[in-house]
Each structure stands twice: as structure tokens, then as C-alpha cells.
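First the structure, in the form of C-alpha cells, and then the observations on it.
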Amino acid sequence: MTDIAPATRARVMSALRGQRIETPSWAYGNSGTRFKVFRQEGVPRDPYEKIADAATVHRFTGVAPTVALHIPWDRVDDYAALAAYAREQGVQLGTINANVFQDDDYRLGSVTNPDHDVRRKAIGHLLECVDVMDATGSRDLKLWFSDGTNYPGQDSMRQRQDRLAAALRESYGRLTGDQRLLLEYKLFEPAFYTTDVPDWGTAYAHCLELGERAQVVIDTGHHAPGTNVEFIVAFLLRAGRLGGFDFNSRFYADDDLMAGAANPFELFRIMHEIVQADALRPEYGIAFMLDQCHNIEPKVEAVIRSVLNVQEATAKALLVDVEALVAAQRSGDVLEANAVLMDAYHTDVRPLLRDLRAEMGLDPDPVGAYRRSGYLDRVRAERVGGEQAGWGA
Ligand code: LRH
Ligand code: MN
């Protein structure tokens, strides 16, 4: 695609200006694998410093105004004060992630545990997270359950689904106003035989049982190799049950690498489905979030690059010549239809995004500007002592 028609350019620029990408507080903390968690200098020691890093990403990209929290990793005594601090920094507190995957009591499951008291404890945490939402003004409660089994016969798969449904119903019943419950699925890990919410179908079925404000989250790293993720996007959009994304990328399993790093073409195909459904607008209600772990690379810069990768995939999707595509599809011109899509994908949108940033009063090169800002050196010098934030696993 050589030159972009002025009307197309205007449409694309306005859509990109309105894009909103939520960054995860835990991406700024130490993370790793079971083999090693490599500590990095300058890593935040508390939710306030994580928010300062998230605000830095927003300052240089202009499209990351909210930060997702994870409880208890981001537990504080005064959430209203935390929310006020975030506003001062130019961002807002976003999705509240529950964590029922790190307590010894949850060895055989949290909300699906055979033991009633353990289930009550887990449900208690989910309800605590809704209290946090009330305090932070967050709309979404995001639930991912590590629950599952490792050996055939370990537990009744059906009874675990009954237990899960009961916990979801109680949590859903606690929501008020426009609050939503976002249910995230994952094929496996840490469980290696069954996972109680293993795929989009299971998540979708539970959401249908709950009600309108129960929606599915697609974490791009949570599928079996070869899964056509954009089909799941198209299906859930059509069903009105796509609540959000956890963007990251992977070569093998739940690698949690930078979004678009391992498979930029998949990210483009996903954003193509979003754009075709006119679902990019914040009003549509999809929470576009990153969920990543920067085990070896500088974290703030990696999140900035990830935001840019999502912007690039979105810009390419917005450039698809829909008229030509539909005409080719309708006439059964398979190769032309594919060529129209590939033409958009092969378009270098970086000049357009540089112009967009200039129009937004930002440096056209966010990564360069961030590096020149000396932010990393400053936090390395300031954040000495104390306990660095991490998964605490
Ligand atoms: C599980 C998951 C989930 C989060 C966690 C940090 O793999 O994707 O979204 O709670 O990562
Ligand atoms: Mn996730």
C-alpha cells in the first residue's frame, strides 16, 4: 500500500488516538521461571513505584492510561490513596486480578477444592477483590484459576465444575453498578492433567450461566499450539462475550513474552477481527490488557515496546481495504481476499504512528525518548534497599 488516502488516514489516526492499552503492575516487578527469577536494579518495591513505572509507559506512548492490579501483590491499606496517587501520576487503576494460586491451602484447588473450608477461603478472597474494586473505582474483576488435577482419578471433574460454578455465582452476585466479572481460561500449567477452566468454551459456558456482565478474557498465551485464536475472538465478539485480552506472545507455551514479539502476524489477525467488529472503541467495553513477564530484559522499556507492537498491529488492521476485501470474499476470489489482507499487513505503519505521536505532542520515538529520559538510571539510584516486588511465589 503506497500512499494512504487522506480520509483513510484521518479515520485511522482518530481510531489510534482513542486506543487504550492497560499495563499490568506485575510486569514491572521481578519475574522468572521455576529455574530462576533474575533480580534487576531499579525494580519497584511497592504498588506506588509500580504505578510510577506504568505512568512512565503512558507518558511516552500516550495510550496506556490504566494499570491492572493483582491482589495481594498490590495490597495496600488505603486503596483510595493509591488511586489518588495514580491520578497524580496521570494514570488510573484498572482491572483487579484475584490470586487464589499461591496459598498452600490451594494445593488441590481453590474454589474447586474438595474441602469446603478451603473453598470458602478462596471465595472470601474473590469477594475481597470486589471490595478493592469498590475502593479503586475499577470496573473489572478478573478471575484466572490455576485449579486442576495432575493425575486421572485425582478428583471428580464434574463436581469441580459444580464447585467452580457456585463460587462464580457468589462472586457475580456481589458485583454492583457496571462492574463485570472477566473469566480467563488456560490450557494447562500449573496443573498438568485437567485444568478446570481450560478453554474458551468452558469459560463461555460459565459466563452464559452467570449473566450479561460475565465475559471471557483471551490470554494469547493460553492455547494449545496451532489454535486459531482469532476464530475465538470472532466467535466471542459475535456472542457479545468478549470482555478482554491479556496480550503477550509465545513460541511454545505460556511464555508471557512481549506482545507481538513471537507472532506479530497473529496479533494483526486478532486486531483485524476487532476492527471488523468496530470493537476497538473504549465504549465497546473490551479491556485491552498486557500480561507479560520480563524475566531478562529491562521491564519499563519492554512494556513500551509491547504497547508499540499492539499499536502497529492495530494500525495495519485499520488499513485493511474493507471494500475490496468484502468484494473479493463475496465473489469467492480467495487469493484476492487474502492479498487484500496481506497488503495491509505488509504496510509499514511506523511513519504514520510517528506522525500520530507528534500530533499527540509526544516524541515520535517513544523508546528513544525513554532511553534519553534517564528514567531507568534514576530509579536504579533511588530504589535501593527494601524488598523488590515480585510474584512472591
Ligand atoms: C496466568 C495469568 C493470569 C494472571 C497471571 C499473572 O497464567 O495469565 O492472567 O493472573 O498470569
Ligand atoms: Mn493472563
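Both ligands and their constituent atoms are indexed starting at 1 by order of listing.
- Ion pair Asp134/Arg174 flagged as a salt bridge, since at least one NZ, NE, NH1 or NH2 atom sits closer than 4.0 Å to an Asp/Glu carboxylate oxygen.
- The residues Lys121 and Asp103 are annotated as salt-bridged, a charged nitrogen and a carboxylate oxygen being separated by less than 4.0 angstrom.
- Outside the 6.0 Å centre-distance limit, the rings of Phe145 and His125 are not counted as a close aromatic pair.
- Note on Asp291: counted as a metal contact of the Mn ion (ligand 2), an N/O/S atom lying under 2.8 Å.
- A cation-pi arrangement is absent between Arg20 and Phe288 under the rule of less than 6.0 angstrom and at most 45 degrees off the ring axis.
- Contacts with ligand 1 closer than 4.0 Å are made by no heavy atom of Asn99, backbone or side chain.
- Set against the non-hydrogen atoms of Asp246, the atoms of ligand 1 under 4.0 Å away are 9 (O).
- Checked by distance only, ligand 1 and Trp144 stay at 3.5 Å or farther apart across all their nitrogen or oxygen atoms.
- The Mn ion (ligand 2) lies at the vertex of an angle of 90° between the OE2 atom of Glu184 and the OD2 atom of Asp219 (rounded to 10°).
- Annotation: Glu184 places an N or O atom under 3.5 Å from an N or O atom of ligand 1; distance criterion only.
- Between Asn97 and ligand 1, no N or O atom pair is found at a separation short of 3.5 Å.
- Both tests pass for Arg269 against the ring of Phe265: distance under 6.0 Å to the centre and angle within 45° of the axis.
- Within Asp246, the N/O/S atom positioned nearest the Mn ion (ligand 2) carries the name OD2.
- Here is the list of ligand 1 atoms found below 4.0 Å of a heavy atom in Asp219: 8 (O).
- At a threshold of 4.0 Å, the pair Arg305-Glu297 does not count as salt-bridged, since none of the basic side-chain nitrogens sits closer than that to a carboxylate oxygen.
- Heavy-atom contacts of Lys186 reach the following atoms of ligand 1: 7 (O) (cutoff under 4.0 Å).
- Between Asp140 and Lys142, no side-chain nitrogen of the basic residue sits less than 4.0 Å from a carboxylate oxygen of the acidic one, so the salt-bridge criterion is not met.
- Between Arg160 and Thr112, the shortest heavy-atom distance links the atoms NH2-OG1, 2.9 Å.
- With hydrogens and angles ignored, the 3.5 Å screen pairs a side-chain donor or acceptor of Ser138 with a backbone N or O of Gly94.
- The nearest protein atom to atom 10 (O) of ligand 1, hydrogens excluded, is given as His70 NE2, 2.8 Å; this is a heavy-atom distance.
- Remark: ligand 1 and His222 share an N or O pair separated by less than 3.5 Å (distance only, no angle test).
- Counting the atoms of ligand 1 from 1 in the order shown, those under 4.0 Å from a heavy atom of Lys142 are 9 (O).
- For Phe235 and Tyr204, the gap between ring centers is short of 6.0 Å.
- Under 4.0 Å from ligand 1, the heavy atoms of Trp391 that appear belong solely to its side chain.
- Between Arg383 and Asp53, at least one side-chain N (NZ, or NE/NH1/NH2) sits under 4.0 Å from a carboxylate O, which counts as a salt bridge.
- Residue contacts with ligand 1: Glu189 is excluded, as none of its non-hydrogen atoms falls under 4.0 Å.
- Which parts of ligand 1 touch Trp26 is read off a 4.0 Å heavy-atom cut-off, strictly below it: atoms 6 (C).
- Below 3.5 Å of separation, one finds no N or O of Trp73 facing any N or O of ligand 1.
- Judged by the 6.0 Å and 45° rule, Lys299 forms no cation-pi pair with Tyr28.
- The proximity of Asp254 to ligand 1, defined as any non-hydrogen pair under 4.0 Å, is limited to the side chain.
- Distance from atom 2 (C) of ligand 1 to its nearest protein heavy atom, with residue and atom name: Asp291 OD2, 3.4 Å.
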